[in-house]
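Take a look at the structure set out below.
All figures in this text were calculated on a predicted structure; none of them were measured in a lab.
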Number of protein chains: 2
Amino acid sequence: MLGSPTETWQDRRRAAVRREILDAAWEVAHRDGLGGLTLRAVAERVGMRPPSLYTHFASKHALYDAMFFQAWSEFDERSAALELPADPRAALHGIARFYVDFAVADLPRHQLMDQRVIPDFTPSPESYAPSVRAMERTVGRFRAAGGVALTEADVDLFVAVVGGIVAAQWSNDPGGDRYTRLLGRLVDMLADDLGLATVTSGEDP
Amino acid sequence: MLGSPTETWQDRRRAAVRREILDAAWEVAHRDGLGGLTLRAVAERVGMRPPSLYTHFASKHALYDAMFFQAWSEFDERSAALELPADPRAALHGIARFYVDFAVADLPRHQLMDQRVIPDFTPSPESYAPSVRAMERTVGRFRAAGGVALTEADVDLFVAVVGGIVAAQWSNDPGGDRYTRLLGRLVDMLADDLGLATVTSGEDP
DNA sequence: GTCTATAAGATGATAGAC
DNA sequence: GTCTATCATCTTATAGAC
């Protein structure tokens, strides 16, 4: 990410235009859906002709890739700043609630991060990195918090079922809480299965 | 669905062509992906010109709709024929395993049934009916099997987490069993939560 | 009634002038 | 870097042969 020191000329302008295009792309994705995003709409919103976008993004998929990177980077930063309780069970609740809240707050962002809604689009390794980083740090923090030693299977199960809650929420009750309100109960089940001491019950009503 | 009795002339031919087109559509979906399906490819596979397809399906979405109906109808029939153990916990394992096996066996079918991969496509009420039927019958059978009285929340949680297993399997380990092999453990957790007697442990290794 | 021929409108993408 | 053409592809619709 660090260009050579002499190259700070108008690279800032380029970066600004890139950001502007990305902002426009998110707005269009919210208005027309992630799959309904078109380069025409993005260009119009940013005050350009469609072909001019290709100066900043090599393809439509490259634009999706940058959005994917942006979304996971934000998740990574905010999860790094998340303060977790010392108690392992409470920490598990906090982690799950944070992930679900983030995923339920924004549909196109969730679709891009956690589903494969765009045909033929696969995130590049560079854009995939923040998600791996967030996952590894979270697991590491939990392990260090003095909980049990999580196996790969434990993490897999946790990720899968919490992701299921989010998917069901978006699919069957968008904007509601029919499924997300079951999260506390689910996390307690998982905590029981992991043998975490039941210090406090779930924080959910 | 029942035409007037006199109308059995060449309606069979029409139905046969419809089936032929549907078969071709599934083949194309398997080859090019569900979202990558084009009417051109379907027409070519069936030996037609693209516009001729509109004689049998009003639009591409109507074709997707018929595929959706077909997929859920097959699930409905096969789940109706499924023999479940008398023991509630074992029955829960059987139901979950059946659903997961069905969903993991065919990617485009799963995407069409359980995800919203096609922009702007929403199944018609008629095509949605088989899925509701299958769900209601399954819940009814389980209730009648002498288990506990399942609440709506119980069913919601079950559907969400088992769906999460399937989604994670397809997303992170297509063709493998990294997540599906955790199903037995998950179902036992749910059964414990429901207070089902632990007659036999899960049937999975 | 069914299919073929053909075109309209939209999209992602490229080439070349300025 | 941005623009004006321009192309290929796909969905959708209409006109007309058999």
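Judged by the 6.0 Å distance and 45° axis criteria, A/Arg109 is not positioned over the aromatic ring of A/Phe68.
Going from atom CG of A/Asp32 over to atom C1' of C/dT11 covers 14 Å, rounded to whole Å. Rounded to whole angstrom, the span from the CG atom of B/Leu53 across to the C1' atom of C/dT4 amounts to 13 Å. Between B/Arg12 atom CZ and C/dG1 atom P the separation is 17 Å, expressed in whole Å. Straight-line distance from the CD atom of B/Glu44 to the C1' atom of D/dT9: 14 Å, rounded to whole Å. The nearest whole Å value for the distance from the CE atom in A/Met48 to the P atom in D/dT2 is 4 Å.
Within residues 116-125 of chain B, no residue is approached by DNA chain C to less than 4.0 Å at the level of any non-hydrogen atom.
Within the structure, every pair that satisfies the salt bridge (charged side-chain N to carboxylate O under 4.0 Å, His left out) test and touches residues 150-161 of chain A, not counting sequence neighbours, is listed here: A/Asp154-B/Arg185, A/Asp156-B/Arg178. The list of salt bridge (charged side-chain N to carboxylate O under 4.0 Å, His left out) pairs with a residue in residues 30-49 of chain B, not counting sequence neighbours, reads B/Glu27-B/Arg45.
Interatomic distance, CE of A/Met113 versus CE of A/Met67, reported as 12.0 Å (0.5 Å rounding).
Below 30°, between 30° and 60°, or above 60°: for B/Tyr99 and B/Phe75 the angle between ring planes is above 60°, a perpendicular geometry.
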Review item, side-chain donor-acceptor pairs of residues 157-166 of chain B, under 3.5 Å, at least two apart:
none

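Between B/Arg14 and C/dT2 there is a side-chain polar atom (N or O) within less than 4.0 angstrom of OP1 or OP2. Side-chain nitrogen and oxygen atoms of B/Ser52 include at least one within less than 4.0 Å of the OP1 or OP2 phosphate oxygen of C/dT4.
Around CG of A/Asp11, the count of heavy atoms belonging to other residues, nucleotides or ligands within 6.0 Å exceeds 12.
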All N/O pairs under 3.5 Å across the protein-nucleotides 11-14 of chain D interface:
{"from": "D/dT11", "atom 1": "OP1", "to": "B/Lys60", "atom 2": "NZ", "distance (Å)": "2.8"}
{"from": "D/dT11", "atom 1": "OP2", "to": "B/Leu39", "atom 2": "N", "distance (Å)": "3.1"}
{"from": "D/dT12", "atom 1": "OP2", "to": "B/Tyr54", "atom 2": "OH", "distance (Å)": "3.2"}
{"from": "D/dT12", "atom 1": "OP2", "to": "B/Lys60", "atom 2": "N", "distance (Å)": "3.2"}

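Residues satisfying the side-chain contact (heavy atoms from CB on, under 4.5 Å) test with A/Val17, not counting sequence neighbours, are A/Arg13, A/Ile21, A/Met48, A/His56.
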